[in-house]
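Structure record follows, encoded as structure tokens.
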Amino acid sequence: MTPIMLELLIRSLWETILMTVASGVISLVAGLPLGLALVVTARGGIAENLWINRGLGAVINGFRSVPFIILLVALIPMTRLIVGTALGTWAAIVPLAIAATPYYARIAEVSLREVDRGLIDAVRAMGGNRWTIIREVLVPEALPGIVAGFTVTLVTLIGASAMAGAIGAGGLGDLAIRYGYQRFETSVMVAVVAVLIVLVCGIQWFGDRLVARLDRR
């Protein structure tokens, strides 16, 4: 691989990391409250409200049912409105975050539902309000699952960011398409695949170690 291609590879790796981290943080900040809302408003939840629960669930399922490549194109007007362009790394963060948020919300919901009901009832019996239950029981007890789910979301976002490269989002996907596929440079394609494997394995390893530290069982 030539020095120029190596420079392009490093720049593309940075763009992929930027897209993944930025959209991942947004999905965590927005997705975790959504997951909490689904759990607490469900039947038997600490703030039961089936109308809100079903409406919120329908919206989340609606976004999750749209394939990412279609969502990517459909959100071009919104992307232009937010960042001023539909091309480039920053533009890709918008659809990536919107696609990842409902995905992570469902993962967080599953982890939160697994919290022992007895702990919630015990805090209620001691006079704990809803926020106390969320802060002291739901989130701490579900934290290993929440972190594990976020790790899975980051790995998924890496694949989605590569797909976004098909419409000029930059990153490793764009490099693989423009040079590895369109120009038939096999070495570039192999290098991109190798970097993606290392990146995914690194994120998964770090996430697994963090979950092991947080898991008190």
Side-chain angles (χ1 to χ4, degrees), residues 16-83 86 88-115 130 134-135 138-167 169 171 173 199-200 203-204 207 210-211:
T16 294
I17 292 173
L18 177 61
M19 285 188 285
T20 301
V21 172
S23 55
V25 169
I26 294 171
S27 71
L28 175 63
V29 172
L32 182 55
L34 285 175
L36 279 166
L38 287 169
V39 171
V40 301
T41 59
R43 190 181 299 278
I46 60 175
E48 181 178 331
N49 189 317
L50 298 183
W51 285 103
I52 292 178
N53 185 269
R54 289 167 183 167
L56 191 58
V59 172
I60 289 173
N61 289 339
F63 275 97
R64 289 184 64 210
S65 65
V66 180
F68 177 68
I69 193 67
I70 295 176
L71 190 65
L72 196 63
V73 176
L75 291 174
I76 285 177
M78 180 185 290
T79 302
R80 283 203 185 107
L81 183 65
I82 295 174
V83 298
T89 302
W90 289 105
I93 291 172
V94 175
L96 283 169
I98 291 175
T101 296
Y103 176 81
Y104 180 66
R106 285 300 188 187
I107 293 178
E109 179 194 9
V110 171
S111 299
L112 291 162
R113 285 189 187 280
E114 291 178 351
V115 174
R130 293 169 181 172
I134 291 172
R135 188 178 64 252
L138 283 176
V139 173
E141 291 296 320
L143 196 56
I146 289 171
V147 173
F150 185 59
T151 302
V152 173
T153 302
L154 288 178
V155 171
T156 303
L157 280 169
I158 291 175
S161 69
M163 192 184 304
I167 62 168
L199 187 59
V200 168
I203 290 174
Q204 190 65 58
L210 185 56
V211 170

Rounded distance [0.5 Å steps], [atom1] in [X] versus [atom2] in [Y]:
X	Y	atom1	atom2	answer
Leu154	Leu28	CG	CG	9.0 Å
Leu112	Leu36	CG	CG	5.0 Å
Leu75	Leu81	CG	CG	11.5 Å
Leu32	Ile107	CG	CD1	12.0 Å
Ile158	Ile17	CD1	CD1	8.5 Å
Ile98	Phe63	CD1	CZ	6.5 Å

Heavy-atom pair of closest approach, residues [X] and [Y]:
X	Y	result
Ala37	Leu56	CB-CD2, 3.7 Å
Thr16	Gly171	OG1-CA, 3.4 Å
Ser65	Pro67	O-CD, 3.4 Å
Thr153	Ala100	CG2-CB, 4.1 Å
Val211	Pro144	CG2-O, 3.6 Å
Ala105	Leu34	CB-CB, 3.8 Å

Check whether any side-chain heavy atom of [X] lies under 4.5 Å from a side-chain heavy atom of [Y], and answer yes or no.
X	Y	value
Val155	Gln204	yes
Arg135	Val139	no
Val40	Leu138	yes
Pro95	Thr79	yes

TODO: Could you check Ile203, Val152, Leu96 and say which one makes a side-chain contact (heavy atoms from CB on, under 4.5 Å) with Leu157?
DONE: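 Going through the options one by one, the only one that passes is Leu96.
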
- [ ] Determine, step by step, whether Leu38 and Ile60 satisfy the side-chain contact (heavy atoms from CB on, under 4.5 Å) criterion, reporting the C-alpha distance in whole Å, the side-chain angles of both residues, the deciding distance to 0.1 Å, and the verdict.
- [x] CA-CA 10 Å; Leu38 287 169; Ile60 289 173; 3.6 Å; yes

Task: Partner set under side-chain hydrogen bond (donor to acceptor under 3.5 Å, both in side chains) for Asn61, not counting sequence neighbours - done: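 Listed in chain order: Arg106.
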
- [ ] Could you give me the CA-CA distance, side-chain angles and deciding distance for Tyr104 and Val29, then say whether side-chain contact (heavy atoms from CB on, under 4.5 Å) is met?
- [x] CA-CA 10 Å; Tyr104 180 66; Val29 172; over 6 Å; no

Task: Heavy-atom neighbours of Arg130 CZ exceed 12 at 6.0 Å - done: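 No, the 6.0 Å shell around CZ holds no more than 12 heavy atoms from other groups.
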
Open item on the list: I need the full list of side-chain hydrogen bond (donor to acceptor under 3.5 Å, both in side chains) pairs touching residues 21-50, with sequence neighbours left out, sorted by first then second residue.
Closed with: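 Non-adjacent pairs meeting side-chain hydrogen bond (donor to acceptor under 3.5 Å, both in side chains): Thr41-Asn53.
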
Task: Stepwise side-chain contact (heavy atoms from CB on, under 4.5 Å) test for Ile76 and Arg80 - done: CA-CA 6 Å; Ile76 285 177; Arg80 283 203 185 107; 3.5 Å; yes

TODO: Go through Leu199 and Thr20 one step at a time and tell me if the side-chain contact (heavy atoms from CB on, under 4.5 Å) criterion holds.
DONE: CA-CA 11 Å; Leu199 187 59; Thr20 301; 5.7 Å; no

